[in-house]
Structure formats: C-alpha cells, structure tokens
Q: 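Mind having a look at this structure? Questions to follow.
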Amino acid sequence: MRIRGAGRIARASVKALEDFGTALDVKSGTEFINKVKEAGEFLKNARPTAVSLPNAVNYVLTNLDKECQCTVDVPVLKDSLKKYCEKFITRSESAIERIGLIGSNRIQDGDIILTHCNSESAIAIILAAFKQKKNIKVFCTETRPKMQGLLTSSKLAKEGIDVTLIIDSAARFYMNRVNVVVVGADAISVNGAIVNKIGTSMMALAAKESRSRFIVAAESYKISPKTFYGELIPIEERPHEEVVTKDWYAMNECVKIANPAFDITPPEYIDLIVTEYGVFPPQAILLLFKEIYGSIDIINQ
Ligand code: RI2
C-alpha cells in the first residue's frame, strides 16, 4: 500500500522487474529468463484486484519470450528487458495524458464534479478541463479507510481548483448538485463492469438516481483478459487494522470486521469509459479488448 493507484502499481512492478533482471548474475539466457519469470509471478500476486499489474508484467514477459527465440545472450536479453519495461512505462504515462485530453471534452464549463479515491486518470481529466479554463468545482470523498481522497483534494486545490472534501457517506447528500462523477478503475471486465475503490458503486447508484453523468477514466491495460473466459475479478480483502484501532479491537474481539478494498459497478450505471484510444460506452469495451488481444491465446497469460 506504499504505492497506490492501479497505474502506479503497474509501472512500479515493471520497474522492479527491470531492476531485478539487471542485477542478475547468471550464466545462461535460459537461467535469466526463468529467474525473471519467477520474479514476474511473485510480483503478479502482490495485489489481486489491480489487473494492470499482471497485464504489465505479462506484456514484458511475452515480449522477452519472443526475443529469447532469437538469442540466449544474457547482455542482449538484459537490454531487451530494459527496453520493454521502459516502453510500458512510457506508454502508461502517455496514456494518462491522452485520457486527460480526451475525457476533458466531456467536462463542460460550470460542471460540478465528484471524484472518489485517488486516480491519476480521473485527476488528469479534471486538470485538463481546468487548464482549458473551464469553470469547475470538485467534491472529493475522503475514501475511508485509507483516506486517499485527502491526496486528491490537496493536489487539485494546489492547482487552484475549487475543492470541497466530504465524508464518503455525504456523497448522495451532495449528488443533486453534481453534474458528473469521474472515477478511475482498478480493473474493467469485458462486459463493461468496472472494479474500483470500495464505495464507487454506491456513488454510481446515487448518480443514476440524480441523473448525473458517470465517467470512468482507465488505461486499456486495466481490461481483464481472464473475464473473457468467465473468470471473476477477485476483490482484495484488507486487514481490519485499517478500519479500527488496535485498542478498540482488543476490547471488542468478538466483532467481525470486513474490509473489502474494491467493489463492482455494473455497466448500466456507467455512461462512458475514457481510454487512451477514445471513449467507449461500457458495453462496447469488448471491441477495444479484441483490438488489443486479437487472436492471441490469452488464457495462459
Ligand atoms: P489510477 C486505486 O486503488 C483506486 O481504486 C483508484 O480509483 C484506482 O486505483 C485507479 O487509479 P488503490 O491502489 O490507476 O488505491 O487511475 O487501492 O491511478
């Protein structure tokens, strides 16, 4: 949890893989590939919900495997590993910038926006709209239990945006003033549902009721290939220490505490998913998925 945000997690993972591979002292290309793959598997299991993590690692490993068919020279393979890790990081950063620009077309002058948690992509849209001199106001939810909304509100306020921090349970109270909700995603299912920080689906419900638009900002590597084969995206359950203090828990050990970090917002509650390739109604995200994966046998990834 020292690195937060699905995109940041993906970039940090490939950077870790690059550092690990560069430092390896091995005798053969096969040994190099096996050790990098082993490290990749370890990284993939670090956070179960953010599918950007396995997608990023798989992107590097798949390309490294292809290189391995041409050479087993360790220094060459080390260069390739570095090249693909850096390529992923650059593409990820430029994807966020593009999402900001594309998504800002859907923000109008005078809009009152609500955002939840701390998403780089959602923030990119808000900042791009503000830089286009659109007169916007933003409500940020504090996002219990880790309070990432404090990061978002502080960043937006420092940029000069009119920001109000609210507690999560005040979202519906303010929703009738909000024109548009902009959130990020940790994962996108091929049916157009999104998985994002716990509380997102409640905000989507409230937005639908008050006829506020609901926009999801997410890079294409948030699409979960496994959902194509019917697998469900696992929801990370986090420790109870995030919810209550140790002292309180010591006095109330018979109280069960549940702390799911994410929830699922069905496609019916989402107006648009903004990606670096353009804007998709949630039901059309399958088109982007097919464009990216084509006929590759993705089930083994
Ligand atoms: P970006 C975060 O998860 C939040 O749920 C956020 O909405 C989502 O990742 C996407 O963030 P966590 O890592 O990738 O804080 O858009 O648990 O930055």
Side-chain angles (χ1 to χ4, degrees), residues 5 7 93-143 148-149 151-166 168 170-185 188 192-194 196-197 199-220 222 265-285 287-288:
E93 286 166 350
S94 70
I96 293 163
E97 207 180 311
R98 275 190 64 74
I99 288 169
L101 287 176
I102 296 170
S104 66
N105 291 328
R106 293 303 183 122
I107 305 294
Q108 289 156 17
D109 195 40
D111 266 348
I112 299 183
I113 302 167
L114 181 137
T115 189
H116 183 51
C117 199
N118 180 244
S119 154
E120 284 183 293
S121 298
I123 289 174
I125 292 179
I126 297 168
L127 285 180
F130 182 68
K131 283 179 183 150
Q132 292 157 8
K133 308 258 180 271
K134 287 173 184 162
N135 175 25
I136 54 170
K137 291 191 171 111
V138 181
F139 283 103
C140 292
T141 51
E142 59 180 359
T143 320
Q148 294 99 321
L151 298 171
T152 307
S153 55
S154 163
K155 180 167 177 62
L156 296 180
K158 279 183 187 141
E159 295 285 341
I161 298 178
D162 179 329
V163 181
T164 307
L165 181 71
I166 59 172
D168 301 332
R172 186 167 180 250
F173 181 80
Y174 286 110
M175 196 57 84
N176 59 0
R177 297 193 207 167
V178 169
N179 311 97
V180 54
V181 177
V182 184
V183 293
I188 305 172
I194 64 123
N196 194 47
K197 187 49 43 75
T200 303
S201 64
M202 232 163 39
M203 283 156 211
L205 263 173
K208 189 150 184 99
E209 183 202 42
S210 77
R211 294 188 168 80
S212 310
R213 307 188 301 281
F214 192 88
I215 295 178
V216 177
E219 307 90 294
S220 58
K222 308 272 179 75
T265 303
E268 307 85 81
Y269 294 91
I270 301 166
D271 289 293
L272 290 173
I273 300 179
V274 184
T275 75
E276 70 274 28
Y277 293 108
V279 157
F280 293 80
Q283 293 80 0
I285 208 71
L287 299 175
L288 178 60

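Position 1 is the first residue of the sequence, and the numbers go up from there.
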Q: Judged by atom type as modelled, is there a donor-acceptor pair below 3.5 Å linking the side chain of Thr141 to the main-chain atoms of Asp168?
A: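 Pair absent, no side-chain N/O of Thr141 close to backbone of Asp168.
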Q: Holding to side-chain hydrogen bond (donor to acceptor under 3.5 Å, both in side chains), I want the full list of residues that pass it with Gln132, two or more places apart in sequence or in another chain.
A: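 side-chain hydrogen bond (donor to acceptor under 3.5 Å, both in side chains) list for Gln132, sorted by chain: Ser104, Lys134.
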Q: Give a yes or no answer on whether the side chain of Asn179 reaches the backbone of Ile112 with a donor-acceptor pair at less than 3.5 Å.
A: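 The answer is yes, because a donor-acceptor pair under 3.5 Å joins these two groups.
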Q: Please step through side-chain contact (heavy atoms from CB on, under 4.5 Å) for the pair His116 and Val181, ending with a clear verdict.
A: CA-CA 8 Å; His116 183 51; Val181 177; over 6 Å; no
Q: Provide the closest heavy-atom pair for Gly192 versus Ile270 in the form atom of the first, atom of the second, distance.
A: O-CD1, 3.6 Å
Q: Excluding sequence neighbours, so at least two apart, what forms side chain to side chain contact (heavy atoms under 4.5 Å, CB included) with Cys140?
A: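 Once residues adjacent in sequence are excluded, the partners of Cys140 under the side chain to side chain contact (heavy atoms under 4.5 Å, CB included) criterion are Thr115, Val138, Thr152, Ser153, Leu156, Val163, Leu165.
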Q: The criterion is side chain to side chain contact (heavy atoms under 4.5 Å, CB included); which residues satisfy it with Phe130, sequence neighbours excluded?
A: Ile136, Ile161
Q: Partners of Lys158 by side-chain hydrogen bond (donor to acceptor under 3.5 Å, both in side chains), sequence neighbours excluded?
A: Ser154
Q: Can you name the closest pair of heavy atoms from Thr275 and Ile99 and give their distance?
A: C-CG1, 3.5 Å
Q: For Glu142, what residues pass the side-chain hydrogen bond (donor to acceptor under 3.5 Å, both in side chains) criterion, not counting sequence neighbours?
A: none
Q: Can a donor-acceptor pair be found, under 3.5 Å and without considering hydrogens, that links the side chain of Asn135 to the backbone of Gly110?
A: no
Q: Restricting to side-chain hydrogen bond (donor to acceptor under 3.5 Å, both in side chains), what partner residues turn up for Ser210, sequence neighbours left out?
A: Ser212
Q: List in chain and number order the residues that pass side chain to side chain contact (heavy atoms under 4.5 Å, CB included) with Ser119, two or more places apart in sequence or in another chain; answer none if no residue qualifies.
A: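 By the side chain to side chain contact (heavy atoms under 4.5 Å, CB included) rule, Ser119 matches Ser121, Ala122.
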Q: Which residues satisfy the side chain to side chain contact (heavy atoms under 4.5 Å, CB included) test with Tyr174, sequence neighbours excluded?
A: Phe139, Ile166, Ala170, Arg177
Q: For Glu159, does the CD atom sit with more than 12 other heavy atoms under 6.0 Å from it, leaving out its own atoms?
A: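 Above 12, so yes.
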Q: State the CD1-CD1 distance between Ile215 and Ile113, to the nearest 0.5 angstrom.
A: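 Output value for this atom pair is 8.5 Å.
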Q: Pick out which of Val183, Thr143, Asn118 makes a side chain to side chain contact (heavy atoms under 4.5 Å, CB included) with Lys197.
A: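 The option that passes is Thr143.
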Q: Suppose we screen for salt bridge (Lys or Arg N to Asp or Glu O under 4.0 Å). Which residues come up paired with Glu120, at least two apart in sequence or across chains?
A: Arg8, Arg11
Q: With side-chain contact (heavy atoms from CB on, under 4.5 Å) as the test, would you mind laying out the steps for Leu272 and Arg106 before giving the verdict?
A: CA-CA 10 Å; Leu272 290 173; Arg106 293 303 183 122; 3.5 Å; yes
Q: Checking Asp111 now: which residues fulfil salt bridge (Lys or Arg N to Asp or Glu O under 4.0 Å) with it, not counting sequence neighbours?
A: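 Arg213.
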Q: For Ser220 versus Glu276, what's the shortest heavy-atom pair and its separation?
A: OG-OE2, 2.6 Å
Q: Applying salt bridge (Lys or Arg N to Asp or Glu O under 4.0 Å), can you list everything that pairs with Glu209, at least two apart in sequence or on another chain?
A: Arg172
Q: Do the non-hydrogen side-chain atoms of Phe214 and Thr200 ever get within less than 4.5 Å of each other?
A: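 Answer yes - side chains close enough.
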Q: So, for Met175 and Ala206, which heavy atoms are closest and what is the spacing to 0.1 Å?
A: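 Smallest heavy-atom distance, with atoms named: CG-O, 3.5 Å.
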Q: Between Val216 and Thr265, does the side-chain contact (heavy atoms from CB on, under 4.5 Å) criterion hold? Intermediate values first, please.
A: CA-CA 10 Å; Val216 177; Thr265 303; over 6 Å; no
Q: Lys222: what forms a salt bridge (Lys or Arg N to Asp or Glu O under 4.0 Å) with it, not counting sequence neighbours?
A: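 If we apply the salt bridge (Lys or Arg N to Asp or Glu O under 4.0 Å) test to Lys222, skipping adjacent residues, the hits are Glu219.
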Q: State, to 0.1 Å, how close Pro282 and Pro267 come at their nearest heavy-atom pair, and which atoms those are.
A: CG-O, 3.5 Å
